[in-house]
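The structure under discussion appears below in the form of C-alpha cells.
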Amino acid sequence: MTEVVIAGIGQTPVGEHMEVSLRTLAARAIQAARADAGGLRPQAMYIGNFLASVLSGQSNLGALFTSNSGLEGIEGVTVEAAGASGAAAFRMAYLAVLSGFVDTAIVVGAEKCTDVTSQDLETAMMQSVEYDYEVSGGLTLTAQAALLTQRYMHEYDLPQDGLAEFSLLAHANAVHNPNAMYRRAISPAVYQRAGMVSTPLNMFDVAPYADGAAAVILTRPGLLPKGAARRPVRVVGSSLITDSLALHDRHDLLAFRAAELSVERACRQTGILPGDVDFFELFDAFTIYALLSLEAAGFARHGEGWKLGRNGKLALDGELPISVMGGLKGRGRPVGATGVYQIVEAVQQLRGQAGENQIPGARRALVQALGGAASTAVTHVLSV
Amino acid sequence: MENPRHWRLKKQRYGLVGEECPHCHEKLFPPRDVCPHCGGEAKEEFTFSGQGEVYSFTTMYSAPAGYEEYAPYTVALVKLEEGPVLTAQLTDLGDDEEVEIGMPVEMVTRRLRSDGDDSGILIYGYKFRPVMK
C-alpha cells in the first residue's frame, strides 16, 4: 500500500480575529503550510468547515479558498461533520493520496465564529444536535454534554473535583503554546468558583469558541522536496465512525461507541494497541468528553476515566499525555477547524518542534476529533 | 422555519405517536424508517402513554434563540414506561422542586417556542411534568 506522509503544516493563532475574514484566515494557514512543505503544490484542497453557511452566509468554500490563495483551478471541496469537520477533511485527503488519484492534497480547517453574538453562535452550533426531536426541547450541544455528565455522576462514583483536572490540565498545557487562545493556568479555586452554564457543567467545563485556521499538506514519500532534512510524519491509521445523532437513541448513553470503534480500527490498521502510543490528542470540547473518550479508547474502565486525571498521569511528563498543546479548552475551539489543529499539534510533537511542551522521544500519536456528542468520531494514528 | 416541517410532526408532538416494529415488536419513539433493533421496516403507529421517569437532566442558564423566555429551564432525557428515551423540557416544577434521576414524570402539551421570524408561528409540543401526588 502507498505510504502517505505529512509534508507541511501551518496554523493561525486561535482567538477572536475581528479584523480578519474567513478566507484570509484560511489563506494564512495555507501559505504557512506550503512554505513548510518547501513549496509543494497541491492538486486538491479538502476543507473542514461547519458553520460558514450559517455564520457567514457562505458555502462553496472550495472555489473561494482555492482562488483566494493562489490555487485557482484545482479540486476543492468542503467536508462537513460538525465539530469533526477538519478531521473528516483530513481523512478524505488521506484517502485521496492513498488512492493514487491525487499526488498532493492540502487540508484546510477554517472557522469564523466571532462575527456573531455568543447566543447566535450557540444557536448555530445546534445544527449538530437533532433538529426535530432534540432542538425542539431547547437542547444545545452544551446541554447534551451536561446530560451525559449528570447521568455519569448517577451511575458512577465521580468525585466533586473529578472533572476539574481535565480543565486545569488543558489550561496548563496552553501556557507555552504561542497559538493558544488562553495562556494562563487556572487554579482549582478558580474552577470551583466559576458560574454554572448548564448544571452540573460550569464555565470551565466548556471549551471556548474561537476563530482559527490550520492546514496540512499530504503527499507520497517520493514526492517530498529533495533535501528535506527531517524524517516525515506518516499517517498510518485512519477511521471515521458514526453513532446515532440524538443522545436519546443511544443504546448505551455513556459508551461513546463511535469513538471506541474508530480507535479500534485506526489502531488495527497499523497493528498497534492504543496503549502503544506516546500521547492521545483527544477532543475535550467539554470535560466529560475527555473522560468518556479515555474510557472509549480503552485507557480506563467505564466509570473510572476520571482516575486517570489524578497524580499527573495525563500531564506532559505523565504516562499518557493528552491535550498536549492545550486542547480545545486551552488552545480554543475553532469548531470545524479543530481537527486540523489537532493534527498540526501532533506533528509538532512528532517532529520535536513543540518547544516547552515537547514530550521527549514522542514517536506515535493517537488523534481524535468528535462531531456532536461523539455522533461522528474520526481517529488517526501518526508515526515517525 | 417552514410550516410543513412543523405540520409533519404534529402526531409526535401532540400525541406522542411513535411506532411498534411489526417484526420484533419493539416500541420506537421517535419514529424511525428502519427498526434499530431488528433492521426491519418500521411503520405501524403506536401511541405512547406519556408516563415515564427522568433518566438525566440539566438546568440551562443561557438559552438559544427562541427559548429565551423560558431561561433558566430544565431539559431531561425521559425514559418512557414502554422503553424508549426521549428529550423534553420539564415544566410545572415548583419553586423548591428538586429534580432527580428516577423521578416519575408525565407528558403535557405546552408551547415550545415562538419562532422569531416573520411567520410568527407558535410551536406547541410535549413537555413533561412531575406526576401529581
Side-chain angles (χ1 to χ4, degrees), chain A residues 54 116-156 194-203 205-206 243-254 257 286 288 373, chain B residues 1 5-6 8-9 12-13 16 18 28-32 36-37 52 54-80 83-91 99-103 110-113 115-116 123-128:
Chain A
V54 189
V116 300
T117 64
S118 59
Q119 190 198 28
D120 284 348
L121 183 55
E122 188 73 21
T123 307
M125 285 299 292
M126 289 166 88
Q127 305 238 354
S128 63
V129 179
E130 210 234 51
Y131 183 85
D132 284 349
Y133 295 101
E134 285 189 311
V135 169
S136 58
L139 191 74
T140 61
L141 190 68
T142 305
Q144 272 190 333
L147 290 174
L148 290 169
T149 309
Q150 188 72 253
R151 186 70 200 180
Y152 191 97
M153 291 165 76
H154 176 77
E155 288 192 23
Y156 304 118
M196 279 291 161
V197 175
S198 190
T199 59
L201 299 183
N202 76 31
M203 193 180 79
D205 290 306
V206 182
D243 198 345
S244 70
L245 182 55
L247 276 188
H248 54 233
D249 286 332
R250 300 275 166 92
H251 299 295
D252 180 351
L253 186 69
L254 301 176
R257 184 81 177 132
F286 305 97
I288 188 72
Chain B
M1 197 52 74
R5 188 161 191 188
H6 297 299
R8 273 200 301 276
L9 291 168
Q12 285 73 43
R13 285 195 183 153
L16 221 57
L28 308 175
F29 192 91
R32 302 274 280 253
H37 302 280
V54 173
Y55 188 77
S56 190
F57 66 95
T58 179
T59 300
M60 298 168 54
Y61 289 94
S62 59
Y67 296 86
E68 297 93 334
E69 65 181 291
Y70 306 106
Y73 58 87
T74 301
V75 182
L77 291 174
V78 174
K79 188 167 175 55
L80 300 173
V85 176
L86 58 70
T87 304
Q89 258 185 49
L90 297 185
T91 187
V99 178
E100 52 186 46
I101 290 177
M103 186 171 101
R110 291 284 190 276
R111 187 151 60 82
L112 297 182
R113 57 174 289 171
D115 251 7
I123 312 294
Y124 284 82
Y126 51 79
K127 291 189 182 182
F128 281 72

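Below, chains carry the letters A, B, ... as their sequence lines are ordered, and counting in each starts from 1. Fair warning: this is a prediction, and the values are worked out from it, not measured in the lab.
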Is it the side chain or the backbone of [X] that comes within 4.5 Å of chain B heavy atoms, both, or neither?
X	result
A:Q144	neither
A:M196	both
A:E122	neither

Applying side chain to side chain contact (heavy atoms under 4.5 Å, CB included), run through B:L90 and B:F128 and close with a yes or a no. CA-CA 5 Å; B:L90 297 185; B:F128 281 72; 4.0 Å; yes
Please check if the side chain of A:T123 supplies one atom and the backbone of B:A65 the other of a donor-acceptor pair under 3.5 Å. yes
Chain A contact via [X] - side chain, backbone, both or neither, heavy atoms under 4.5 Å:
X	answer
B:E100	neither
B:R13	side chain
B:Y55	both
B:L77	both

Give a yes/no verdict on a cation-pi contact between B:R110 and B:Y70, requiring under 6.0 Å between NZ or CZ and the six-membered ring centre and an angle within 45° of the axis. no
Of the listed B:P72, B:A71, B:S56, B:G102, the one with the largest count of heavy-atom pairs under 4.5 Å with chain A is B:S56
Measure the [atom1]-[atom2] distance between [X] and [Y] for me, rounded to the nearest 0.5 Å.
X	Y	atom1	atom2	answer
B:I123	B:H6	CD1	NE2	3.5 Å
A:H248	B:T87	NE2	OG1	4.5 Å
B:Q12	B:F29	CD	CZ	6.0 Å

Any idea how B:Y67 and B:Y73 line up, ring-wise: parallel (<30°), tilted (30 to 60°), or perpendicular (>60°)? tilted
Taking every non-hydrogen pair under 4.5 Å, which of [options] racks up the most with chain B?
options	answer
A:A143, A:A124, A:A246, A:S198	A:S198
A:L148, A:D249, A:T149	A:D249
A:D120, A:L201, A:V135, A:T142	A:V135
A:D132, A:L253, A:T140, A:L139	A:D132

May I have the step-by-step check of salt bridge (charged side-chain N to carboxylate O under 4.0 Å, His left out) for A:R250 and A:D243, ending in yes or no? CA-CA 8 Å; A:R250 300 275 166 92; A:D243 198 345; 3.4 Å; yes
